[in-house]
Every structure is written in C-alpha cells, then in structure tokens.
Amino acid sequence: MAAIAQAGRDYYDILDVPRDAPKSLIKQHFKKLSRVYHPDKNPGDSSASDKFMEIAQAYEILSNDDKRNTYDRYGEEGVKKQEQQQQNAGQNPFGNIFGQFFNGGHQGKPKTPNIEIPLHVSLEDVYSGVNIEVDVAKHVTCDHCFGSGAHNSDSIRTCSTCQGQGSTLKQVQFAPGFVQQFQQQCATCAGKGKTIITTCKACYGRKIKRGNEQYTVVVDKGMSTDQTIVFEEEANEAPDKDPGDIIFKIITSKHPVFERHGNDLHTNFTITLIEALTGFSKFISHLDQSAINFKRSGVTQYGLVDKIIGAGMPIIDNHDEYGDLYVKYLVKFPEHVDSEFLKDLKNSVFKPTHDEL
Ligand SMILES: [Zn+2]
Ligand SMILES: [Zn+2]
C-alpha cells in the first residue's frame, strides 16, 4: 500500500510526520524544519537550500487538502499531473505558500496573545547584521495526541447526548399552546460533538504541553532600537485558537565609543596639546574593526567637530549607503609645564606674533 508513494519522494518523511497527521502538526513541523534549513541561517550551503525547497514543496502539497488527497492516492507524479491540468485550465496551482503562511492566510479563529521579547543587541550587531538564536518556552500542541486530548483514536467517541451534532434542541412553552424550539450547545460535549473516553497521558487531556522552540532572529544591518522582527503565528498554541505572533523588539545597548543618532554616529576624540597645535594622523577601530583615520593639519581648536562622510551606520533599506561620523576633538592639556620651557616658548618661537599664548 505504501508502494504508490515510493514512486516519488515521501513528503511525510520529509516533514517527519505520520501519514494521518493533522494539518496543525504538518504546519508545526514545516515551521520547525524550515527554520533549521532557512537560507539565512545557512549562507552558502546549497544542500541546506535544496532541503529548504524540498520542505517547502512537501508542505505545499500536504497543507492543501486537494493536493494531499491526490498525493496519497497517486504519489508525486499524480500531483504533478493535476497541477499540469490546472495550469492548462488557466489556474495557478502554485498558490503563494509563503504568502499564505506569513501573511495570516486564514481568518476567523481567535488568536492567542502575541509574545513580545526584547532582543538586546550591540551597536556592532546592528552595524554588521547578525543572526541570533533565541530559545522560546511556549505552549505547543501535544505531539502524542496531536491536540485531540485523547489517548488514541479509539478513545474518541461520538457524543451520545447530541449524536455528534454539538447542539440539542430545547422546547420552551412561552404561552399556552405556543411552543418554540431553541438550539443550544450540548452540555455533555461542550459543542464538540465528540467525547473522550481515555485522555492522553502525555498532556493529561489538555491538548497542549510546555515546549521549547529555537528561533533564528535575523537582525539586519542598520536596524535600530524599537524595530521589530515578527514570527507570525508562533506564539502559544491552544485548542480552537490560532497562535498569535512572536515579536522580537530590538534594544541596542550603549556603546563606549560611538553614539548613534539616526543613521549618523558621534564620537569624541582626545588629542594632546602638541597634536592640537601641529596636526596629527590617528587611527581608531570602527564597529566592524576596520580602521578610521582621524587626520588634521595645522591647529585644531578644542571642541572642533569634523564630519567623516560615509563612516556612519548602514542605511536599513539600502546597504550600499551609510550615514556620517561626527568626531568632536577634545584637547588634553598637560598637568605641568616646565618654567624654563615656558620662558623659551615665550621668548623665542611664538614671539612676537603669538601674543595669544
Ligand atoms: Zn496529548
Ligand atoms: Zn454532545
């Protein structure tokens, strides 16, 4: 009976789910695997990106009732044929799976609250971009009962009170001879139409359990404090609800050298009195460890601000462009100056034109 699927790839194997897996589990495994093999997380690794495509393809088929049906009966070839036919009929068989997925394709069910997580990053992180692994503890659908709450499929029975309807009819006589029927939710099964004889031992019938999920948060170059990175529908799972979003919120920590103002950076740089008088060429380390040259000739006044074009932060929407770096020069005066030296200074070098000294 498994012979059919062997003709092509086994999409159930690819997503590591049993053949009778409910949609929620398929979706859960797809999300988990696609995070592991996401190209952002495996730069330059073509085997990972092949795997990623394979996972996406498997999910595209198994998440679509129609395609999954065809696949179960006729295998990969059957799905291809079906798509061909639809294409010939002018339909687009490749519904944008990621679009559906990440833009909240289905509506209606209430959502569990969003989880907001502060993400502390350094200025170096947002200068160069970084991937950060974050473990998030949350409620996930029980993988033993697939969220049914039942020990096994035999433990789920049709509710005998409502015969599986989920509701019962109540007759109310509101005046002699006037009887009206009201439909009300079945109290035995709480409207589910099914009752559970033996509850799942893994989740004690709660349908969800505590879990842990790892996320790779891609912090893009130029991101700033309060910007958010959203993982849609990744918050707590709950029966009869869609998960809300996990929202990572960037918080950039203070840097000892640079202060950020929008796309620009500001820093103070202290020079000696001699350097202030004669000029200098100095190097400091930028946020990516490259060298920045601070260079002036002649006299530098205390507090002078120089602008170094393009040495600021990368611009979020255009990584080829950068803000500017403003450097403010501070002069460290000597604690003591030898009196003989001062006399010489006054009498020789600076006289008579440098009265200001
Ligand atoms: Zn369970
Ligand atoms: Zn019932």
Side-chain angles (χ1 to χ4, degrees), residues 10-36 55 58-59 62-65 68 72 101 106 108-115 134-174 179-215 231-246:
D10 189 337
Y11 292 138
Y12 292 99
D13 260 6
I14 291 168
L15 292 182
D16 190 25
V17 290
R19 300 193 78 79
D20 59 348
K23 266 186 171 180
S24 60
L25 186 78
I26 290 171
K27 184 172 172 181
Q28 189 187 329
H29 277 219
F30 164 69
K31 284 188 187 180
K32 202 176 278 182
L33 288 167
S34 59
R35 273 198 297 277
V36 173
I55 291 160
Y59 180 70
L62 298 188
S63 63
N64 178 308
D65 291 336
R68 184 177 177 182
D72 285 346
F101 204 70
H106 45 113
K109 275 197 204 172
K111 290 192 161 205
T112 62
N114 293 340
I115 301 177
V134 184
D135 271 321
V136 180
K138 62 173 189 176
H139 290 123
V140 294
T141 303
C142 174
D143 54 6
H144 184 257
C145 63
F146 306 132
S148 71
H151 174 59
N152 55 27
S153 51
D154 292 338
S155 313
I156 305 173
R157 301 275 165 82
T158 300
C159 174
S160 54
T161 308
C162 64
Q163 268 75 47
Q165 296 299 304
S167 57
T168 51
L169 288 176
K170 192 182 179 192
Q171 294 199 336
V172 177
Q173 181 177 322
F174 58 94
V179 173
Q180 189 153 5
Q181 282 192 331
F182 290 96
Q183 204 174 47
Q184 60 176 23
Q185 193 182 68
C186 172
T188 310
C189 64
K192 299 268 186 289
K194 288 182 165 62
T195 49
I196 290 166
I197 310 300
T198 315
T199 52
C200 170
K201 287 182 179 62
C203 65
Y204 307 102
R206 283 195 288 247
K207 303 173 184 182
I208 50 166
K209 56 175 199 161
R210 285 214 72 81
N212 219 46
E213 195 117 31
Q214 196 181 54
Y215 295 90
F231 287 75
E232 286 190 13
E233 298 192 1
E234 289 289 337
N236 288 317
E237 292 173 14
D240 306 319
K241 282 185 181 172
D242 279 333
D245 303 334
I246 293 183

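Numbering of ligands and ligand atoms starts at 1, following listing order. The shown structure was predicted, so the numbers you read here are calculated from the model rather than taken from an experiment.
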Looking at [Y] and [X], is there a salt bridge between them, counting it only when a charged N and a carboxylate O are closer than 4.0 Å?
X	Y	result
Lys207	Asp240	no
Arg35	Glu234	yes
Lys27	Glu233	yes

**OP:** Show your working on side chain to side chain donor-acceptor pair (under 3.5 Å) between Tyr12 and Asp20 and close with a plain yes or no.
**Re:** CA-CA 9 Å; Tyr12 292 99; Asp20 59 348; over 6 Å; no

Original post:
Between the side chain of Thr198 and the main-chain N/O of His151, is any donor-acceptor distance below 3.5 Å?
Top reply: no

Subject >> Sphere of radius 2.8 Å around the Zn ion (ligand 2) - protein N, O or S atoms inside >> reply: Cys159 SG, Cys162 SG, Cys186 SG, Cys189 SG

**OP:** Take atom NE2 of His144 as the centre, draw a 6.0 Å sphere, and report whether it contains more than 12 heavy atoms from other residues, nucleotides or ligands.
**Re:** no

Original post:
What class does the angle between the rings of Phe231 and Tyr215 fall in, given that below 30° is parallel, 30 to 60° is tilted and above 60° is perpendicular?
Top reply: perpendicular

Subject >> Derivation of the side-chain contact (heavy atoms from CB on, under 4.5 Å) call for Leu15 and Ile26 >> reply: CA-CA 7 Å; Leu15 292 182; Ile26 290 171; 3.8 Å; yes

Subject >> Nearest-0.5 Å distance that lies between atom NZ in Lys23 and atom CG in Asp65 >> reply: 4.0 Å

Subject >> Within less than 2.8 Å of the Zn ion (ligand 1): protein N, O or S atom count >> reply: 4

